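Notes follow the structure.
This one's a predicted model, so the numbers in the text were calculated from it and none came from an experiment. In what follows, chains carry the letters A, B, and so on, assigned in the order in which the sequence lines appear, proteins first and then strands, with residues in each chain numbered from 1.
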Protein chains: 4
Amino acid sequence: MAQISAASRGVYVIAVTPFHENGAIDIESLERVTDFYIESGASGITILGMMGEAPKLTQSEAREVAQRVILRAGDVPVVVGVSAPGLAAIGELGRTVMDMGAAGVMIAPPMSLRTDQQILGYYRQCAETLGVDVPICLQDFPLATTVQISNDLLGRIIDDVPEIVMLKHEDWPGLDKITALRAAEAKGRRRISVLCGNGGVFLPEEMARGADGAMTGFGYPEMLVTVCESVTKGDMDHAQDVFDAHLPLVRYEQQPGIGLAVRKYVLARRGAIASATIRKPGAPLNAAAIAELERLIARQEARLAALR
Amino acid sequence: MAQISAASRGVYVIAVTPFHENGAIDIESLERVTDFYIESGASGITILGMMGEAPKLTQSEAREVAQRVILRAGDVPVVVGVSAPGLAAIGELGRTVMDMGAAGVMIAPPMSLRTDQQILGYYRQCAETLGVDVPICLQDFPLATTVQISNDLLGRIIDDVPEIVMLKHEDWPGLDKITALRAAEAKGRRRISVLCGNGGVFLPEEMARGADGAMTGFGYPEMLVTVCESVTKGDMDHAQDVFDAHLPLVRYEQQPGIGLAVRKYVLARRGAIASATIRKPGAPLNAAAIAELERLIARQEARLAALR
Amino acid sequence: MAQISAASRGVYVIAVTPFHENGAIDIESLERVTDFYIESGASGITILGMMGEAPKLTQSEAREVAQRVILRAGDVPVVVGVSAPGLAAIGELGRTVMDMGAAGVMIAPPMSLRTDQQILGYYRQCAETLGVDVPICLQDFPLATTVQISNDLLGRIIDDVPEIVMLKHEDWPGLDKITALRAAEAKGRRRISVLCGNGGVFLPEEMARGADGAMTGFGYPEMLVTVCESVTKGDMDHAQDVFDAHLPLVRYEQQPGIGLAVRKYVLARRGAIASATIRKPGAPLNAAAIAELERLIARQEARLAALR
Amino acid sequence: MAQISAASRGVYVIAVTPFHENGAIDIESLERVTDFYIESGASGITILGMMGEAPKLTQSEAREVAQRVILRAGDVPVVVGVSAPGLAAIGELGRTVMDMGAAGVMIAPPMSLRTDQQILGYYRQCAETLGVDVPICLQDFPLATTVQISNDLLGRIIDDVPEIVMLKHEDWPGLDKITALRAAEAKGRRRISVLCGNGGVFLPEEMARGADGAMTGFGYPEMLVTVCESVTKGDMDHAQDVFDAHLPLVRYEQQPGIGLAVRKYVLARRGAIASATIRKPGAPLNAAAIAELERLIARQEARLAALR
């Protein structure tokens, strides 16, 4: 399978992990949602991320999920989240999934890091632990990790750790961070792929600033694909029209905590997975949230119909 | 002037503090923007909050801003942010502005608080320091303060600190928090006013869940007023139509860091203040952001025209 | 092997994990240091804690360390640290080591927890995941975890989670926390074992306040044993004399960051392990630190000689 | 009065703020404890620090404390803590106390700072706000502020902000930080004065590594003076003998939370202040703590008698 590289682009969907109502992994739905993402236009798939309920999986479950998705995705590259508090666990899972055919690994910095030197040192050690042949996607998500990476530090990491070929960009705000990175590349810094997260809530502007695509999830991943393609084609108006039509729901799904339940509800509603079950300690949507969500979906469908 | 109470409702606009380009306070613009907020339909005004650049003002400047706005607002209640690391400073500023005719004070918990007991104890001490006649608005904004207040703790604070009559609700997500609070009140807990923050990004749903209004800022505060009034009248569709038309801009203005520059740019563009200047160390919008913003404004105007 | 219980007492030494200079686990030293701890008077041994370099071990290494120490320790109870970001990993490792004959597991709260409800809920879930037959030691170490547990919350956790039979007490300061806990027990709360951490830096006072012993590490673990035994016998003066004689070194070893290198240096110097090697990314002591340490050891030996 | 500079050395005692039992500032004790510090051998005095209960003072009280201590201290330099969340407050208090004759100001970074760039930028802005003639002592205390300053960043701050002439060193551990700083100075970096904090718990080693003295508090400040002088004279043994004799109490006074009550109890016991009162919400020592403390003091006196 092709590995991720600085040339990677398009939408890498952050995949959910489907469960049966009894909490067991639903392998059939895992394969079905993999197909669904690819049919929606995904260029890649990212598994075992924060929204993939990775910390709730045993090590053997995590391996099975990786194996199944990688096999099912065929030529579509699969990035695997391997963030863990210890380097040993990162190395162990990383090498295992690369042997299975993963396209690369994604690593967010642990909450305990503070200084620029600590953060830089951490990525150096990750790369050393994984080995030179493992391409890394750096997940820059300070809202979740509390670790802040300045433009300057990001540049030093890129300079020092050649294994990092991709940025999952979800600093917030981050539009100027993309601009600064592309400007530095124009002056000679090694180029990396920039895929944007944060539920896509700034995706049109991010693409216009120079991002290569998105790496995030949404109940309607085809919207992410259309926005990326439209901006790439130069049709910013169409990108924004489609984006704006989905924005009330994007916003609702982006709520910390219940966002994953919203996403799974939508995916189950659309038939991409059998059950919206969240593994414990997660909770399903309550009735008030479902009513709000159904209302937002109905309004979205009306807007999309008007767009056509 | 009337004080805030559990019966307060409507939109309390979080006011900006206008500066001349040289960094001095622009008193004329301060009065003009006060008028602008009231003409936009505000039920109240909140000054010296995080978005009012309060930490950049000297004590005498903060007093002058409070005095000017309170006088200019006339019968419209003015809430004053008095958050500070020490109780002495809170007491000093609180009593000063109440003597000027403020309607109440707003206090966010300091970042150093962690346990429920610490947070509860803190609000008890604030109330004791301020004295029984000073109504308090509790600002619950964990994204900024890192202090998390559970439903249970919020209930204990309401039970123990009668001076707290209002919640500036900007936990995120917080829809169920409103529902839980109203359910507890239905079972006998003392009612408090709930005004929602977070730039209004969940305002239609928050109002439908039982909020009394908004306490936040936006370059087009009349949107907040229309949404609150429409939900109150039972016209959820109109509330959402107007909200959705503004949502791309709400989203853009809600970016941490540059959000205030966006808001001031819009207010200056609309003539409500003379200059979009942010006092140092803040920075004005760069050209890329202005271009994005102008594009969003033009698209918003087209949507609003279509709504009429 | 006996399991830990509310009646557990004495010194549970936090064990180091010895490595060869090439970074591989040194099994012979692991067994030797296990013997050393028991010969020093330890009542129990705690492995895979923060000072056991647990996050640097692969899952299979962690299992081997647990298996070897449990076998070697014989009748001496072995507590195994199983803290991890996800419940699945905690359950998996916990059940594995209990099957090997561990005496119980130790769990520190993850850094992301904030409210009392979150912390209480977390321990409920841990107990549910592990099953009713697994006794838990709650590690209360806010300096490292940033999670603060008030006296009130600690009581609620004890009331709600019967599997928690032991507290690794390293809140700082925590003398009054011990007193408050014992006072609550005198009024009817279920008793739990309290073993103190923090390198033993307040051990004489902690024992006098009602602690049952220590769960911490030190290059001279026999000091911890003597202090606990002397206070228990009522000889506070002897406890303090022995403690004071070691205090300059306790203090030096308690430095965050290099503390583990200090401890391993002393253990290697005493022949309890073959090499002071810290697995990467840890670093050995530099020459300046070694000189300071040798000086402190020489002075300590003189003081101990004078005591005899 | 002389200002602090890179040549400052000796012990700058962190002064307590004495209160009457009713909570009012005790001016007579403030002058008496100023005399006491000077008679104990202090080279300077630092007021309005974290242990000076500064956040509990109103602005006018803070000014009065500064004025009284500066007048009373005469030729002895007085450093004033001006840390505050906003630059305006720092500038206002800083200029006020410099006009009164302060020797310099001390600033700790606010908890909200994370990246190296933010921290560097913050000190640049502080210096700009205060003006070129105000010498600054940088308080590096990550345990309290959560802000971590690496050796590299500290060097950049020294390079970029010439107003910073002194470091209040209380990173923990920090021995190698002193060594690294002095090594960089030997290679050409501008020298600054390094005074150590943390209650003096590593003072002998810190002095031997190249510190210029201490800036901290202790109920027996003459110990700090003796240790600094002895190391300077080259008598490390005497420094350590005196230090070791006080260490059990240094340790007890260093407890976060109750440490200040311990210190005030000792100062009141020695007649340096009239009352050990802590202003609310602080609490006095309870009976158990007083008993522990009296016991430690009696043991200390016996050790000191044996030393003579």
For Asp244(C) and Pro248(D) the tightest heavy-atom approach is OD1-CG, 3.5 Å

Whatever's closer than 4.5 Å to a heavy atom in chain C on Glu292(D) counts as side chain

When the 4.5 angstrom heavy-atom criterion is applied to Asp237(C) and chain D, the contacting part is both

(Q) What I want to find out is whether Arg303(C) reaches Asp241(D) closely enough, with some N-O distance under 4.0 Å, to be called a salt bridge. (A) no

Under 4.5 Å to a heavy atom of chain D? For Phe243(C) that would be side chain

Heavy-atom nearest pair, Ala289(D) first then Arg209(C), reads N-NH2, 3.7 Å

Cut-off 4.5 Å, heavy atoms of chain C, and the answer for Ala208(D) is neither

With a cut-off of 6.0 Å (strictly less than), are more than 12 heavy atoms of other residues, nucleotides or ligands near CD of Glu294(C)?
yes

(Q) Contact between Leu143(C) and Leu143(D) at the side-chain level, heavy atoms closer than 4.5 Å - yes or no? (A) yes

The reported gap from CD in Glu205(D) to CD in Gln255(C) (rounded to nearest 0.5 angstrom) is 8.0 Å

Here the gap from Arg295(C) atom CZ to Gln240(D) atom CD, rounded to the nearest 0.5 Å, amounts to 4.5 Å

Scored by heavy-atom pairs under 4.5 Å with chain C, the best of Gly174(D), Pro204(D), Pro256(D) is Pro256(D)

Cut-off 4.5 Å, heavy atoms of chain C, and the answer for Tyr252(D) is both

